[in-house]
Each structure stands twice: as C-alpha cells, then as structure tokens.
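Worksheet: the structure to be examined is printed underneath.
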2 protein chains.
Amino acid sequence: MSETKASASRRSRAANQKRRTILSAALPLFSQFGLHGTSLERVAESADVSKTNLLYYFPSKEALYIALLEDLLEVWLAPLKAFSAQQDAITAIEHYILLKLTVSRDHPQASKLFCLEMLQGAPLLTHTLNTALKQLVDEKSAIIQGWIDAGQLAPIDPLHLLFTLWATTQHYADFGVQVAAISGKNLDDPVFFQQTFDNVKRIIIRGITC
Amino acid sequence: MSETKASASRRSRAANQKRRTILSAALPLFSQFGLHGTSLERVAESADVSKTNLLYYFPSKEALYIALLEDLLEVWLAPLKAFSAQQDAITAIEHYILLKLTVSRDHPQASKLFCLEMLQGAPLLTHTLNTALKQLVDEKSAIIQGWIDAGQLAPIDPLHLLFTLWATTQHYADFGVQVAAISGKNLDDPVFFQQTFDNVKRIIIRGITC
DNA sequence: GTCTATATGCCGATAGAC
DNA sequence: GTCTATCGGCATATAGAC
C-alpha cells in the first residue's frame, strides 16, 4: 500500500501536476459558461489531454467542478483572514479594499465562479457558508465592533459594512463587462485601478469615520 | 392579413397571455440554472403547457431566453431612469438606493438573470450595454457632476458612484444566499430591509457629502 | 496511464395528424 | 393551436485493449 501516507504525497508529483493543469483549464470555462454550459470535451482540449484521460483524474464532471470550487475558496477567503485587530481600523479597511480589488483584477474568473455558485443558491457551498465562512465573519465582525466601541468607527452594522466591502470590490470583476462597456476601462489598466481604489476607499472610509 | 396592425395588437390577447405565462415560468429557472442548465421540458411543465406547444410560441430555446432578457431589462433600467436633476442630490440618491433595494427584494430573479448574463460576458446584451445603457449612464453622470460642481456633493467620480450604488444594492439579491447564511435574514424581512437601507444609505451618503 | 470504441441518456427541434 | 411520435445530435461515462 503506497497510498497510506499523508494527503500531500498520496499522488505522484506528475499526477498532481496534471490535476492542476486540468483545473486551470477548467476555471475560465466553468466561470464563463457554468457547469452545464461547459463540456468535458472543451476542458480536455484546453488542458491538452483526452476526454477519457481527464475522467481518469476526475471521476466525473461534477467532481471536477467541486474540486475547482474548493480550490478557489482559498483565494477567496484569504483577504478576509488577513483582517486583523492589530491594525488601526482605517488602515485595516483600506488594506482590505486593496486586497479585494487586487483579487478582482488578478483572479476575476475565481470571483465569477464564486458568484455563479451564489446565484444558483450555492448548492455545493451551503455547508461551507454556514460553518467556515459564518465563523470567520463572526470573528471579523467582532473586531469591527471593537473598533466602533473604541470610537474609531461610526456606529454602523459590521455585517452590512462587510457586505458593502464585498459588493463594491467584487463588482469590478463580476460585472467587468458592464464596467468596460460604460467606462471603456478595466482593472488591468493601472490608472483605472488606482482611480477605482481611490473612489471606493473615499466613499467607504468617509462613510464610516466618525 | 390580420397581422399587419401595430406591434401590440399583432397577436391575439390570449396568445400574448400565454406568452407571458411561459416567460414567467422561465424566469426562475433560467435565473437559477442558466440557459444550458434549464431544459425546455421543465419550463413547459412549470408553465403547464406541452413542450411542442411552447415551441409554437417561441421558435427556439434561445429565442425564449432573449425575449426574457429584453423583458426584464425594463425593470432593470427603470430606477436609473427615475434619477432626476430636479431633486436635491441627497434626496435623489437616497431615493435611488431605496428603489434599487426594492427591486432586489421584489425581483431578485431578474437581478440574478442580469448578473448571470454579465458573468458570461453579456453575449446577448453587448449592444444594449454599449448604446442604451451607455447613453443613460452618460446623462445621469452629467447630473451627478452638476451636483458636484454646485457643491452639493464631494468631488467623487460619478461613474464609480454609480458602480458603488449598483453593487451595494444588487448584492442583496445576487448574493442573497450568502447574506442569508451569514445574517440569517433576507430583504423580505421588513426589519432587515429597513436596517439594510439605513446602513447602505448611511455609508454612501456620508461618503459623498462635503 | 492512455488509448479507441461504444454504451446510454437527454434534449432541442421537426413532421404531420387533427 | 395543440397533439403524438420521432429524428438527430451531443455529452457523460464506461469497457477493454495496450
């Protein structure tokens, strides 16, 4: 039994590499066309493997989709985890906005796939939302509430502040097409990125300082 | 030729009624599962017509989808059209937030379908975005800029203000599942609706007043 | 592990009677 | 306008050789 070691070494390095290649190929397709709008054939083609070979690494289409979701959840939650009480309130929130806008710029497809999942009622993420995310949010809400109690922030509802932060930053990824249609720019443009950061920061920070 | 009259009377009243029934049945399904995730069979079943009969009223699945999108675009743009220079800046923006939150509460599926279309790169709406929406936004941006020039608002970028308004209000519809998982509530709860309105209003209005 | 061939099922759309 | 029957295509998944 060579498969009894730790999870990380369960599969050979080559196999894991191939899995990652397939996952990378799947992300842009699933995020744009959804689970049902994407055929395994196209994923396989994009990953440069045969369809049967793909099904050797992932037992089913849904298994591939789930693996992808779990993968990106990491990217997704990272900025929130970085949120710390150690910092000054304003500095922390400014930093959070920057981090989230950076994710919107560098991982728009991850943001979109997450959004897609939410639209569908998060059938595969319900549990994660109710446990891991809920707990994380509770922790961070407490930090925000602490800042409010300390007089560093105006008395707003921490939850709604988080919703506002998420909404305003993710919008530039999820609605990127609309933003581009109207402004003619997107976050890849350094000037537009800075302008977006300044405006979002300005509105929200002014909105929550005493 | 009884079909040569105005568009509104092209079809009999009964036929138009049936079309609307089918469209109503299609909205929740398309908005949740997308174009490819929804079968005509299910739409027909939900509308209580046969699949062939459905295809008599809409020549193809895509035609039905497009008809639906055009339908909801109306609902979608209505709040922005109501935005008027006649009003005081703060009053107008507060009213706009209320209108948009009302749409998020009463037409969450329309909001979701629109969002879904955006995620996919708006293949069917590109033209509308680039013409009708672009023009509408240009008009309303000018109004906002007018308020800024008159010293009624802080000097923020009108476009980013609009993006922020859209993002924060639509979030409660599009990410309704996440909001529910974390807060345990949704906009149908009158108390939560008011709380949401107060918080969004507070953050944004304070963020843009001089 | 990777291939060819194929089983199997679903779905969009059409034909044609009534 | 509405029905029954069915065609044709596509996509997931499996069987089995190598």
Side-chain angles (χ1 to χ4, degrees), chain A residues 1-3 5 9-69 116 120 123-124, chain B residues 1-5 9-69 113 116 120 123-124:
Chain A
M1 292 218 225
S2 63
E3 296 250 54
K5 302 278 182 173
S9 59
R10 275 246 185 83
R11 297 182 195 89
S12 78
R13 209 164 296 155
N16 270 325
Q17 174 57 42
K18 202 153 190 177
R19 280 176 61 93
R20 261 181 281 131
T21 303
I22 294 171
L23 286 169
S24 300
L27 175 55
L29 294 169
F30 279 143
S31 70
Q32 180 169 5
F33 306 108
L35 174 63
H36 301 288
T38 306
S39 71
L40 284 180
E41 183 79 46
R42 282 197 67 179
V43 177
E45 186 190 353
S46 170
D48 206 36
V49 296
S50 71
K51 192 172 55 172
T52 31
N53 195 218
L54 188 158
L55 283 165
Y56 172 80
Y57 289 95
F58 297 92
S60 73
K61 189 188 189 180
E62 208 182 53
L64 169 61
Y65 187 77
I66 291 174
L68 189 56
L69 267 186
L116 210 87
Q120 301 183 358
L124 301 170
Chain B
M1 292 222 225
S2 64
E3 295 249 56
T4 50
K5 303 277 181 173
S9 58
R10 275 245 185 84
R11 299 182 195 87
S12 77
R13 210 165 293 154
N16 269 324
Q17 175 56 42
K18 202 154 190 178
R19 280 176 61 93
R20 261 180 281 132
T21 303
I22 294 170
L23 286 169
S24 299
L27 176 55
L29 294 169
F30 278 143
S31 71
Q32 180 169 5
F33 306 109
L35 175 64
H36 302 287
T38 306
S39 71
L40 284 181
E41 184 80 47
R42 281 197 68 179
V43 177
E45 186 189 354
S46 170
D48 206 38
V49 296
S50 71
K51 190 171 60 168
T52 29
N53 195 217
L54 188 158
L55 283 165
Y56 172 79
Y57 287 96
F58 296 93
S60 73
K61 189 187 190 182
E62 209 182 51
L64 169 62
Y65 187 77
I66 292 175
L68 189 57
L69 267 186
L113 188 57
L116 207 84
Q120 300 183 358
L124 301 171

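All chains are named by letter (A, B, ...) in the order of the sequence lines, taking the proteins before the strands, and each is independently numbered beginning at 1.
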Determine all donor-acceptor pairs shorter than 3.5 Å in which one atom belongs to a side chain in residues 37-47 of chain A; sequence neighbours excluded.
unit_1  : atom_1 : unit_2  : atom_2 : d
A:Thr38 : OG1    : A:Leu29 : O      : 3.2
A:Thr38 : OG1    : A:Gly34 : O      : 2.8
A:Ser39 : OG     : A:Arg42 : N      : 3.2

Handout entry: Of all pairs that satisfy ring pair (Phe, Tyr, Trp, His ring centres under 6.0 Å), the ones with a partner from residues 16-43 of chain A, not counting sequence neighbours
Key = A:Phe30-A:Tyr65
Exercise for the section: Could I get the full list of side chain to side chain contact (heavy atoms under 4.5 Å, CB included) partners for B:Gln120, not counting sequence neighbours? Expected result: B:Leu116, B:Glu117, B:Pro123
Handout entry: Nucleotide range of DNA chain D lying under 4.0 Å from chain B heavy atoms
Key = D:dG1 to D:dA5
Exercise for the section: Check every strand shown and say whether A:Tyr57 touches a base, only sugar-phosphate, or nothing at a heavy-atom separation below 4.0 Å. Expected result: sugar-phosphate
Exercise for the section: Would you list the pairs meeting side chain to side chain donor-acceptor pair (under 3.5 Å) in which at least one residue belongs to residues 48-63 of chain B, sequence neighbours left out? Expected result: B:Lys18-B:Asn53, B:Ser50-B:Thr52
Exercise for the section: Apply side chain to side chain donor-acceptor pair (under 3.5 Å) to B:Ser24 and list each qualifying residue two or more places apart in sequence or on a separate chain. Expected result: none
Every protein N/O within reach of nucleotides 11-13 of chain C N/O, cut-off under 3.5 Å:
unit_1 : atom_1 : unit_2  : atom_2 : d
C:dG12 : OP1    : B:Thr38 : O      : 3.4
C:dG12 : OP1    : B:Lys61 : NZ     : 2.7
C:dG12 : OP2    : B:Leu40 : N      : 2.9
C:dG12 : N7     : B:Lys51 : NZ     : 3.2
C:dA13 : OP2    : B:Lys61 : N      : 2.8

Practice task
For A:Pro59, enumerate each residue passing the side chain to side chain contact (heavy atoms under 4.5 Å, CB included) test, keeping only those at least two apart in sequence or located in another chain.
Solution key: A:Ala63
Problem - B:Thr21 and B:Val49, any side-chain heavy atoms less than 4.5 Å apart - result: no
Handout entry: CG-CG distance between A:Leu27 and A:Leu68, expressed to the nearest 0.5 angstrom
Key = 5.5 Å
